[in-house]
Structures are given as C-alpha cells and as structure tokens.
There are 4 protein chains.
Amino acid sequence: MKRRVGILTSGGDCPGLNAAIRGVVHSAYNLFDVEIVGIADGYKGLIEGNYKEMRREDFDGILTLGGTILGTSRQPYRNMRKIEEDNVDKVAAMKQNYRKMKLDCLVTLGGNGTHKTANLLSEEGLNVIGLPKTIDNDIWGTDVTFGFHTAVDIATEVVDRIHTTANSHGRIMVIELMGNKAGWLTLYAGVAGGADVVLIPEIPYSIDALVHAVEERIRVKKRKFSIIAVAEGAMNLREAAMKGKERAAFRASEPYMSVSYRIADQLQQATGLESRVVVPGHFQRGGSPSPYDRVLATRFGVQAAKLIKEERYGMAVAQIGSIVTQNPLSEVAGKTKLVPKDHQMVEFARCMGIAFGD
Amino acid sequence: MKRRVGILTSGGDCPGLNAAIRGVVHSAYNLFDVEIVGIADGYKGLIEGNYKEMRREDFDGILTLGGTILGTSRQPYRNMRKIEEDNVDKVAAMKQNYRKMKLDCLVTLGGNGTHKTANLLSEEGLNVIGLPKTIDNDIWGTDVTFGFHTAVDIATEVVDRIHTTANSHGRIMVIELMGNKAGWLTLYAGVAGGADVVLIPEIPYSIDALVHAVEERIRVKKRKFSIIAVAEGAMNLREAAMKGKERAAFRASEPYMSVSYRIADQLQQATGLESRVVVPGHFQRGGSPSPYDRVLATRFGVQAAKLIKEERYGMAVAQIGSIVTQNPLSEVAGKTKLVPKDHQMVEFARCMGIAFGD
Amino acid sequence: MKRRVGILTSGGDCPGLNAAIRGVVHSAYNLFDVEIVGIADGYKGLIEGNYKEMRREDFDGILTLGGTILGTSRQPYRNMRKIEEDNVDKVAAMKQNYRKMKLDCLVTLGGNGTHKTANLLSEEGLNVIGLPKTIDNDIWGTDVTFGFHTAVDIATEVVDRIHTTANSHGRIMVIELMGNKAGWLTLYAGVAGGADVVLIPEIPYSIDALVHAVEERIRVKKRKFSIIAVAEGAMNLREAAMKGKERAAFRASEPYMSVSYRIADQLQQATGLESRVVVPGHFQRGGSPSPYDRVLATRFGVQAAKLIKEERYGMAVAQIGSIVTQNPLSEVAGKTKLVPKDHQMVEFARCMGIAFGD
Amino acid sequence: MKRRVGILTSGGDCPGLNAAIRGVVHSAYNLFDVEIVGIADGYKGLIEGNYKEMRREDFDGILTLGGTILGTSRQPYRNMRKIEEDNVDKVAAMKQNYRKMKLDCLVTLGGNGTHKTANLLSEEGLNVIGLPKTIDNDIWGTDVTFGFHTAVDIATEVVDRIHTTANSHGRIMVIELMGNKAGWLTLYAGVAGGADVVLIPEIPYSIDALVHAVEERIRVKKRKFSIIAVAEGAMNLREAAMKGKERAAFRASEPYMSVSYRIADQLQQATGLESRVVVPGHFQRGGSPSPYDRVLATRFGVQAAKLIKEERYGMAVAQIGSIVTQNPLSEVAGKTKLVPKDHQMVEFARCMGIAFGD
C-alpha cells in the first residue's frame, strides 16, 4: 500500500529539523511504499499551496545540516490562535490543499504553536502527526524536545567564554539567553556553565535578593566577578504580579532594551562593580545539531514513520524515559511545560549555591 | 553534625569526574558541616593510605576540567574480583585506612569494577556511596552514566570528519570506537554520524552480511563509500561461539591488531574498494565534559551529598527517566547493562537502513 | 646573572594572554636565571604596588586557559593619554614601584593603549618589552596579534549558525562584531562565514548602496536572505564626515543601541524583509585560545625572554612574515593599523561578490 | 571574452578544497565571462575523460563543506613520477581530453604530486594554474597551504584531550600525527598542545635521548606523565642513516605497526611507566575547514581567477607574508618544504623545554 506523506516545518529555526525530516523519510522508504511531498515555509505553504514532490536523494546529506531544507515561517499559526473569519479561510485552504496534494497524512515539525494547529487540523479530519522541536524544551508530554540540548551546548559555550572575561576583569556579566515563558535553557546552561545566579520566568526575582547574592559572593568567597544567566522572559516580583498587557506597557516604559540590561544597570549601581550584557540571540537556534539531538530527531522521525505505517494519526511523538513513544495531539495542544518551582534541577541548583533571586 | 567524607576516582579516565567531585563537595558544604579528604589514585590510595585533607577552594574552577584532580588507577579493583589471600589484605588495608582517616563515609566515582569494590566495602561495614561514571554507559540501574554523551560527541566528530574523506575518495572507512563489552557508544555515534554499518559486541556479525550491506549500497544507492562504526569488542559469529580464553587465543593468532583491521582487510578483498582504519582510542575519554555531562555529573554529586546528609549509605546514584535517584549497591554490583538485541535504538537504526552485519 | 622580571597584562581580555605569559616564564627559566614578579590588574597594580613573587609552578597548566591569571584593568592607561598633573603622579608611582620591586625589566601584554604607556615608561628609563595582544589586530608593525584568530573563529561560528536561521526564514540577519576603529575581525569573519555584506569603520557605507546589494541578491540570485557582518564602529557617509564628538552626539540622539540596530531597521523598511540583530559581544574575547593563537602567543613569549637575555629593551615583539621579531616601542606607540581601503583582502572580498556598502 | 575553465582536485582529502573551488568559481563569474567544467576524481577524470559542465549554483553552500564535491584520487600522479611508456599515454590522454573539453585553462588543487603533474602538463603546452592544498604544509614557495591549520586544530584537540588522561593516570601517551616527510603538523600541534617531546622526520631521534627527557621530567618537574607527539615519518638515528628501501625493509621486519608503537614500547620498558598510543589518522584530514583555512582557500581561489583573467598560466598560487601571490610551477614542482633543523619554531620550542629526542 502506498502512502503519500506531506512534511512541513513550522515556527522558529531549531537544530535537528533536517535530521528529523531525514528520519521520517528514510525510515518511511524502508518501512513501506511512500511518496514524499515537501511543503514550503510551514503552514504558510500549506495555506498557499506551495509544495513539491521530492525524491529520496533530496534528503541525502542533511543529517548534520542546520536550518530546514523546507523553509519555515512563524506567522500563520499565530493568527490561528483564535478561530476568526480569516482563520476559517486559512483552515479551509489547508484542508483543500491537503486534498489537492492527495496526502494520506501530514507530518508537522514544530513547537507549541505548531502542535496547536496540528491538533486543529486533526480535529478537522486530516491525518496528522506532530514532532516536538524547540530549543525551549517546553512541549507538554515529552521529557525533551530536539534542538534543546544543542541550544544548551551553544549557550554554555557562551557562559564558558564569558567566565574568563568576568574573572580577569572582576566584572558582573549578565548573559541573556532565549526563553520567553520557559526557563529550561537558562537553567541547564546556568548549571552547566557554573553560573552564580539563574533567573527564569517561572521564579520571579527581587533585585534586593540579587544584590545580596552578588555581595555575599564577594564577602564570603572573595570573588569580585559574578555570572548572571537570565532568561529573556525573567520577571521581577512587581512584573510577575502584572497582567500580560500591563507588563508589556511597563516594559515599554523602561529605557532598557530587555530585562538583562535593566538588571546589569541595577547591579552596577548597587554594588559598584562594572557590569556588562551579552545577548547571543539567534546564535542559540542555528547551525548543526549536536549528536544528542541528531539521535533524538532521528528517533522521532522513525517513530513518525512507524505511526504512519500503522495508520495511527492525531499523535504527537514524545520521549518518555528512554523510550520514544507518542501522546494524542489533543492532550498536548494548548499546554506548555514550564519549570516547576520545586523541580529537582532547581532544588539541586540551589544546593550548589546557585541563587534564583527569590 | 560534622561529616568527614573521603572521595576517590577509580578506573579509566572519563569526562565529568571533576564536575561530579565538585558537585559532591559544594553541595555538601552548603547542606551540612563537612570535611573533605581526597584519596589519591583510586583504591590504590585507599590501600596505601595516600590521601590529603582538602579545602573548599581546592575544588574551584574544576567544573570544565578534564581528567580527575584526585588521580586514578585501574589495577587494584581488577585483583579484587576474586577474594584471594592477597585481596583479603587489600580489603583489610582499605578498612584500616578508612578508620585511620576517621571517615564518616566514602564516595567512589567509577564504573562496574569500582561499584563492585564499593559494594564489597559496604558489605564490610563501611559507609559507601557510588557514582556511575563511564563512557561505556554499561552500569546497571541507571539510564545513563556521565562521560557517555561526551564520548558520543567526540566519536561523532570523528565519524563526521571521516565521512567527507570517505565520500571524496570513494573508500570504505572502518572506525573503531571504544566498548569492549557494551556497544552503546558505537550505536549512538553510529546513528548520530550517519554510519552505514554498526557492529557491536552484543550482535555478532558475519562477514558475508557485511559485504552484502556494502555492495547493496553501491548497487541501490550508487554510493561507493561506506562508513563502518565498529566497537572494539565486536565479534563475528565464530568468535561469539567461543569461550573467553578461546577467543583471546584466536585473536592472538590473527595478524590483525584489532577487529577493525580484520574487517577492513576482508571488506577490501571482497569488494575491491580501498579500505582504511581509524582508531581514535583514548581521545574518546579525555578532556572537558560536554554541557550534558556537566549537568548530569553535578546532579549525581548533589544527590550523593543529600544521601550523606540523610545517612543513607550503600547506595549507587542513578538517573531514571528525568529524575536522579539511587539503587542499592548490592543490586548494581556485578551486573552490566548491555545493549539488548531488540532495544528500540537498534530497531530504529535498522529502520534507518543501518546494517548490523547479522 | 639573575634577572628579575615583572609581568603585567593590561586592557581588554583576550585569548592567549596566559599562553604568552607561560611562554615568557618557561623560556626565561630555560634561558637564564630568573625571578618572576606578577603584577595584578595591569598598570593599576604597578601604580598601586599590588604584586607578588611567583614560582615556576604557578604557570603550569595555563596554556589553554582563557583570561589572564594576573588580572587586568582598562582604566589607568586611558588617563595616561595626556600627561596631566594626575598622570605625572601615576608615572612616578609606577617608576617608584618598579624600583621597589627591584625589577630588571617589565613585560607588558596589551594593545595600543598598553604599548603607549609601555613606551612612556621606556622613555622614562625603565626596561620594557611589549607583547602585542588584541582581538582587533590593529597594532602597528606586526602582521598579526594573538587573540585575533581566536576571535575570528568565534565570530565565524556565530556567522555560520546564523546562516542557517537566515536561510530557513528568508531573513536579513545583521551580526555586530567587535571593532571600534579597525575592521579586521569583521572582514575576516565575513569572508570566512560567507557574509553577503561587510561593513567596517575604514569604509563608510551608504544605506542606498546597502539596500541595493540586498535587492540585487534577491533579483539575481533569487535569495531572500542576506547576512550583514557589521563592525561596531562602522559608519555611514554622514557620520564619517563628522568629527568624533559630533558623531558621538549624533549617535546619542538616535533611538538605536548601536549601528547594527539602525541598519537592521533601515533595511527592513526599505526591503520589506524581516531583519534581526545578533550581538555576540564579549563572547568574542573570552575563553581558550585557538591552536594558532597558542603557537603565536608562545612564540611571542619566547622572543620576549630572548630579548631580556640579550638586554634589548624598549621593544615591541612582532610577527613579520613567518618570523617573530621586534620593533622599537617608540615606532609602535601611538599608531594604529587600520584596514587600508585597497588592501588585498578587501579587493578579493569584492571579487567574491561581497558588498562593502560604498 | 569567454574562458572555459576546468577544475580538478587531486591527492589526499584536505579541508578547504570546496572553499577554494568556490573561490575560483565565484570570483571568475564576477571578473569575466566563464564556463566551468568539473573534472571527476582528480587526474584520473582528466585521463578518462570523466567530467561535466557545471552551473554557478552547483557551487553554492560549499564554503564550509569538507571533502571535495569533484572527488579525488591518489593513484594517477604516483605513476606519473617517472615518465614511462604507460605515462606517456596518460599524458597524451590528458592533453587530448583538455582539447576535447575545449578548455582555456585547467586549475589543479593539490599537493606536491599534483603540482608536479601540473607542471608537466604546463610544459606540454596546457594552460595550468596550481593551488597549494595539503595538511602537510610542505609545498615549496608558499608560507602556508590551506588545510594545514585545520589539521593543526584537530591534532591539537587530540593532544588536549589526551593531556588530561595522561595526567590522571600518570602515563606516557604517544600521539602519532600525520606527516611522512614533513614535520610541520606535529611541530605546530606539539607546541599548541604543550607536548613534552616532539619527534619529526627532519630531526632523527635516539631512544636514549627520549628516555632521558621523560626521566628528567619525572626527576625535575615531578611529573609522571609525558606527552610525545610523533610524526608518522619520524626516524631514529639508525633509520635515518639507511636508504629508503633499506629503511622500508627494516620497518617491515619489526613487529610494530608504526613508529609510535615502537617508541611507546621502548619507553615503557625503559621507564616502567605505562605507555599508550593514539593514532587519529584520517580524522586529521576530513571535515569542515577552519575559518583561517576558509579565508586562505578563498583568497587562493580569487588569485587563480585573477591569473586566468590576465592569462598568466604555468603558475602556482602562494601566500608570502600577508600577500597572496604566485610562483612559476616550474620552480615549485619537484621540491618539498621540510622543517629546517634550525627553524625559528624548532629553536623556540627548545627554549620552551620541548625535547626533539636528538
């Protein structure tokens, strides 16, 4: 029996997308009779009918390649959040193009937004399988997402190199890492890089506690330098008490580009120590996946092919413990896996003397 | 209450030893009143009474440092396998020095041999906690050991670089990776590096199946080059049927330095393709740990400190799922975690078209 | 004959400082009878008399270590630029402490500012040897400075990873690299990373030419993404025509944090393509030196020791062609080696299709 | 005026080949009207007439790619060394195919053997330009070849990781690096990695001097471990006195796979210290080029295009000082750039305490 499989990658760039695509395609070719249709630029391509038939050779040599050979886009699923007039049309267009492409199923690679749309399409009757990719590691129902550990590697390399500069100059270095809602990346890179302070969105900080942590370090450990790893979405107690729009307005009223600049400024004023900010930004989400992520992405891809073979659709692939498995898309969609305040990693980081500013 | 904690690292070098030592020490200082005694060169130092009091500062800046600041040795526990005359004396010496150092407990960092001796000492009444380190990932009761993923990173880098050479020259490249009994490292690096064939001790190979795999690749995929990832302990069907001594004698009778040279020779003769061997050897077990291993080693260290605080001895720290926990040393000692032939990683690798030579 | 050698590192952090210190010390010990005095935190330590006797072992294991074991500071030499009241006192303090330490000579590791002060002290009668370190590669009289190629490696890694993100999203990525006056780092990383546009302080750009370059790329090469490597000191034609203070005032009047944000904004408006900025900042100057820089720093250190042995002071060590040699400090001080507009690297980059925005 | 340019890569794999090809092609397209003919597998493809027309897009995205998209082979030029019956035919075939392809010129990328054949073809009236690639850095007339510094980076990474293992175990580690005739790679990686002993073909060693160096290290520096970096072509005094065939016969009579195993064995017997061998092999010549080599290879490529534009043939591109230029092929062919015994790098390495075993 032949299956015609459409593949799209959606949302922000993430290491391992091509490895996962390759995993789906090569194992599909080995497991059953298959035709692959590559959909360009995420859901945008599905809406606009931008796709092409692909040959098996098109997926050779992409295991280590960063980015996505299919292209991606962020916009469509954003608007998808509320089913408005406009989106009804988009969903209809996606369904129509799915039929037009004569797909037996659609494999979507993406994060929470992508899964939400994937579930919507599944509820609309399409055969969909979602693969969890994000450097944020914030997808519900899987222990880990591909892209996360590569981002941890990159962020840790930044912390490592900043360490020597901080030490040589006796400075406070504030390193702003990606993570608007979830602090996993900052938490892992902070522990891996030996940061002194870790600030994540899930644990609001007070500037007094922060200053205290830096000053104790000087007093007790005789160390003038401190490394502060800050998630871009970190909030102080006051911000944490605000509603989303209020917080956005408050931030826009500040002279700082982002939370890390504010923290650097406040720490410099309070401690008298020179403070500097580093913002590696998109550097954290590009380039070749780490071996860990290549294995994970490949396994996710194989699992997707196996599900297609068994015609088990409406699923989100996941790793639980050492095993790759799946959850119903309907259980995953709309949820976010944040860092619990009492998570073992947080507790252990505190044991190591890392301050969370609370 | 004060605790006097002895620490030793035993067995082969492994990335993350210093990170784990630092994890134990810093969290111990933060959790209770502690004195640290560093024991030199593994059990050898415990037998010979070679140790020194250490200050907290001695453990600063070692998170990223390869090797072990305490030194290590392989010999003593080897002889420990059978309790002979000689070893009775060694055990007695270790017990005596433990008392002489006035230790409240002993933390051992090592692999299967180390855990065996740790359990023996525990049965003799000493308070012992074992931390699982090995690049082989073959310790029973833990999903993963620290050092493993760093070794996978290094081995994969080798496979990556060899890939381009193999492709440019149309050659068969045989890469011999570490792993005498367990094939985890070769399996992971093989999948991560996109190897065409993976040979591990747990799955005996036949040279005919190997030649077939390489020739099919030429015939079907029009690719002249092949990448063969071989664990140093890989065996053909004939060797697998032999007893240990018989196999050792057979191998000694062959003109090859190791299994990889034999395979390269046989493949070259059978296919007519030029074949080359690469043996990265100890390169796989030295140097700075990866961020993944720094986090894991740190968590293991913290867990050891927590067990000491709670006076829960005779334990081997472990990661199960996403949680760091522990098993009784008595359950871990003497076991080895090999790759099950039907492990999901093996099955998925086969789905990807990777041949195991069986 | 015994020589007492003081060593200090001054100015911004730079990979290879410890390798160079080690080069001086180990070769000095091998070439003559020597005592080493480590001066803390650059000229600050010389002014304040903050130093200590060091043993040969203190320099073990530092070859690969980032930062400087002696500490550094930026301030003192800044004020040194004009010999005012205050500085007269500082120079006097430095001379006094040089005598107090009973130094036979002083080795200074630093950039242009450091060399200027070194020359000043040399003119005041002290025996001084300067080693050229800077990631900017802007020291007159040497083909290359240590730290430069490590910074190129790091900056290129950033460009590489950004490349895949830019490509996947069809975005303009503006990468701001270090270099206030000299564009060497941006030029090399731009060529090494395959940037489409390179903007350096030495070649003022016009926004029209920039927009044209990006649009031509879309029109001719059908590529929606562009990589723009910008030195932090890059200027448009209008700024280039301003005097220093005027330019500073103009920039302060703009809403942009730095030139890269302004360029991203203008490009986005002109082309309609999404534009993003990455600022790796101090990431470029920390951490372990590359093998190239370890060799270079070691050779510079040995040359310094040889000069001390021969009592040839008032010299700045340099590499010219393949040979390490030296120039008189008086010839080096006060000069800066900028990128000539007609430099072969610029000409060749243009041949490759790289636009300079002029 | 249109030029039809054939390109081939010959000899061993080397990082930077694709970057150099891209340099030739993109600058040729920008400088004049050009058609590119890709010749497969080095001179073999020229002899057999195996080539294809290539489009500009075929060279996109290859800057960072290891290996060579054109394929390479080692055999043909080997036989070329003596102009025998057989080779006359080969040369005739190459000339015939050059005409058949209607080439205006041929660009060859390779090492000494490649340059020799390139010169032979030039003498036969073909328009040839040679680009110096080799990890051995042994091409006459250029300060540096592309591929060399990437190989130094890889070899140094091996030395770095081995360092920690050697230290933790108190072992002698013998690291065999590539270099049959020239010791540049071993010399640079030895200095960059802080090796204690460096053995290169150009400086024959005596085992007594070697043992003395290791023992002095134990006696004076109290260090039990030693790192020995050995070029594969290193010779002891007795071998150095032999003629080529005699030496080959002597080596074949020994039980050792290569010189490094012999040295490890002799050192273990003489010092009683455990000794281990690491042979990274082809790992040193594969994979992505370093930023240094990407810049160098690109510049070499541009220079080739400029020479083609100016119709200056029979040239070998070279870097002299900071400038890329060229030498006549006739001056380069048949020469090898070995490490002079009194080279500044050797002298400086000795100043650092590195032993050469002489």
Side-chain angles (χ1 to χ4, degrees), chain A residues 9-15 17-18 40-42 44 64-75 150-151 154-155 157-171 173-176 224-225 255-258 261 274 276-289, chain C residues 9-15 17-18 40-42 44 64-75 150-151 154-155 157-171 173-176 224-225 255-258 261 274 276-289:
Chain A
T9 54
S10 177
D13 192 20
C14 174
L17 281 169
N18 288 324
D41 301 334
K44 191 159 169 276
T64 64
L65 204 65
T68 160
I69 59 169
L70 299 174
T72 185
S73 61
R74 273 181 177 280
Q75 294 77 20
T150 304
I154 300 169
E157 192 199 337
V158 174
V159 178
D160 281 354
R161 288 203 177 267
I162 294 300
H163 233 121
T164 64
T165 282
N167 196 351
S168 300
H169 285 275
R171 272 179 190 154
M173 298 297 299
V174 181
I175 305 169
E176 182 179 311
K224 278 202 295 181
F225 78 95
Y256 303 108
M257 284 218 31
S258 64
Y261 288 93
E274 212 181 340
R276 294 289 166 89
V277 173
V278 175
V279 187
H282 283 74
F283 177 48
Q284 292 161 86
R285 53 168 70 254
S288 188
Chain C
T9 54
S10 177
D13 193 19
C14 175
L17 282 168
N18 288 324
D41 299 335
K44 192 160 168 277
T64 64
L65 203 66
T68 160
I69 59 168
L70 299 174
T72 185
S73 62
R74 273 182 176 280
Q75 294 76 21
T150 304
I154 301 169
E157 192 200 337
V158 174
V159 178
D160 281 354
R161 289 202 176 267
I162 294 299
H163 233 120
T164 65
T165 282
N167 196 351
S168 301
H169 285 276
R171 271 179 191 153
M173 298 296 300
V174 181
I175 306 169
E176 181 179 312
K224 278 200 298 180
F225 78 94
Y256 303 109
M257 284 218 31
S258 65
Y261 287 94
E274 211 181 342
R276 294 289 165 89
V277 173
V278 175
V279 187
H282 283 72
F283 178 48
Q284 294 161 85
R285 54 167 70 254
S288 188

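Residue numbers begin at 1 in each chain, while the letters A, B, ... track the order of the sequences. Predicted, not measured: the structure shown is a model, and the values here were computed from it.
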Best-contacting candidate, A:Ile175, A:Val158, A:Thr9, A:Val279, against chain C by heavy atom pairs under 4.5 angstrom: A:Val158
One should read off an interatomic distance between A:Arg285 CZ and C:Arg161 CZ, to the nearest 0.5 angstrom, of 12.5 Å
Can you check whether A:Gly286's main-chain N or O pairs, donor with acceptor, with C:Thr164's side chain at less than 3.5 Å? no
Side chain of C:Ser168, backbone of A:Thr68: donor and acceptor closer than 3.5 Å? yes
Pick one of side chain, backbone, both or neither for A:Ile154, based on which atoms fall under 4.5 Å of a heavy atom in chain C. side chain
Among C:Gln284, C:Glu157, C:His163, which residue forms the greatest number of heavy-atom pairs with chain A at distances under 4.5 Å? C:Glu157
Under a 4.5 Å heavy-atom cutoff, which of C:Ser288, C:Gly170, C:Gly281 has the most pairs with chain A? C:Ser288
Once rounded to the nearest 0.5 Å, what's the spacing between atom CZ of A:Arg276 and atom NE2 of C:His282? 4.5 Å
Taking all heavy atoms of C:Ile162 and all of A:Phe283, pick out the closest pair and write down the distance. CD1-N, 3.5 Å
Step-by-step side chain to side chain contact (heavy atoms under 4.5 Å, CB included) determination, C:Arg171 to A:Asp13: CA-CA 11 Å; C:Arg171 271 179 191 153; A:Asp13 192 20; over 6 Å; no
